[in-house]
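Working notes, structure below.
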Amino acid sequence: MGGDAGLAIGGEIKNPQKTVPRAIFIGISGVLLLYILIQLVSQGVMGSELPNFKEAPLAETAQLVFGPIGYTLLFVGTGISMFGMISGQTLNNPRVIFRLSRDGVIPFSKLASIHHRFKTPYLAILIYAGLGFTLAAIGEFRQLAVIAASSVLLVYFGVSLSVIGLRKRKDLDNGGFKIPLGYTVPILSAGIILYFLSNLTGFEIRGMLILIAILTVIYFLKKVYQKWKSH
């Protein structure tokens, strides 16, 4: 997750139709290799004891190898990493809210306001940061992680299905990046996503379905309102 964050500022990237897909592929491949190496090292150091440290297994591995200094350094590095991620999300994600408002997808035109001095979508940034802080303050970490991950997986599932539809459209062949193997990759990815989502608890699945239902109602109400307004 996260490889798609750069799409929010794709309009400011040179040749994004080729640059962004390649960057995502290279980035995900690098992270995958790094995670495999981390898992191999942790498993080699901790052995069968690794599953017993569910809260911070890497910190425990660092403590065993480097002592308290390694334990502290890993926690500090984790904090820096999280700060970097939050900073990037604060830059990218509010632009999605800004664009949705500007294009009329959501009925809040004020969110498309641009700051007169800094030229940034300041209201969208404030709303995004405020919602994020509120959810982090009142929610439990595990539940927030599950909601965040499953929500992104739903988006990825829609993207996988849309690739199948877009491949059939000849008018979109503009020389951009095109994945090989035809429909194999999007079908496989959709199936893997459904497998991941099947591991949610009944309560979490009901919560996701309720969220989808609410968003669907809002979408169709917007369509009805736009149609009524045009007449």
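- The side-chain heavy atoms of L200 and S150, taken from C-beta on, include a pair separated by under 4.5 Å.
- Panel note: side chain S113, backbone K110; a donor-acceptor pair is recorded below 3.5 Å.
- Side-chain atoms of P94 and F98, non-hydrogen and from C-beta on, never get closer than 4.5 Å to each other.
- When the side chain to side chain donor-acceptor pair (under 3.5 Å) test is applied to E49, the partners found at least two apart in sequence or on another chain are N52.
- Under the 4.5 Å side-chain heavy-atom criterion for ILVMFWY residues, no single connected hydrophobic cluster contains both I26 and I24.
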Passes side-chain contact (heavy atoms from CB on, under 4.5 Å), L50 versus V45? Steps please. CA-CA 8 Å; L50 182 62; V45 171; over 6 Å; no
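- Taken from OG in S160 to CD1 in I192, the straight-line distance is 9.0 Å, to the nearest 0.5 Å.
- Note: the hydrophobic cluster containing L209 also contains L194 (ILVMFWY, side chain heavy atoms under 4.5 Å, direct or indirect links).
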Exercise answer: donor-acceptor pairs, residues 62-76 side-chain atoms, under 3.5 Å, sequence neighbours excluded:
unit_1	atom_1	unit_2	atom_2	d
T72	OG1	P68	O	3.0

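- The closest donor-acceptor contact from the side chain of S101 to the backbone of I97 lies at 3.5 Å or more, if one exists at all.
- When the shell of 6.0 Å around OH of Y183 is examined, it contains more than 12 heavy atoms from other residues, nucleotides or ligands.
- Among all heavy-atom pairs drawn from L111 and I127, the shortest one is CD2-CG1, 3.7 Å.
- If you take CZ on F157 and CD1 on I193, they are separated by 7.5 Å, rounding to the nearest 0.5 Å.
- Criterion: ILVMFWY side-chain heavy atoms under 4.5 Å apart, direct or through other members. Under it, I212 and L153 are part of a common hydrophobic cluster.
- The backbone N or O of Q39 lies less than 3.5 Å from no partner atom in the side chain of S42, so there is not a single donor-acceptor pair.
- How far CG of L161 is from CG of L166: 11.0 Å, rounded to the nearest 0.5 Å.
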Pair up each side-chain donor or acceptor in residues 84-91 with any protein partner under 3.5 Å, not counting sequence neighbours, and list the distances.
unit_1	atom_1	unit_2	atom_2	d
S87	OG	F83	O	2.8
T90	OG1	I86	O	2.7

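- The hydrophobic clustering, which links ILVMFWY residues whose side-chain heavy atoms are closer than 4.5 Å, places V41 and V31 apart.
- Residues I114 and V96 fall into different hydrophobic clusters, defined by Ile, Leu, Val, Met, Phe, Trp and Tyr side chains chained together at heavy-atom separations under 4.5 Å.
- Minimum heavy-atom separation, S48 to Q43: N-NE2, 4.5 Å.
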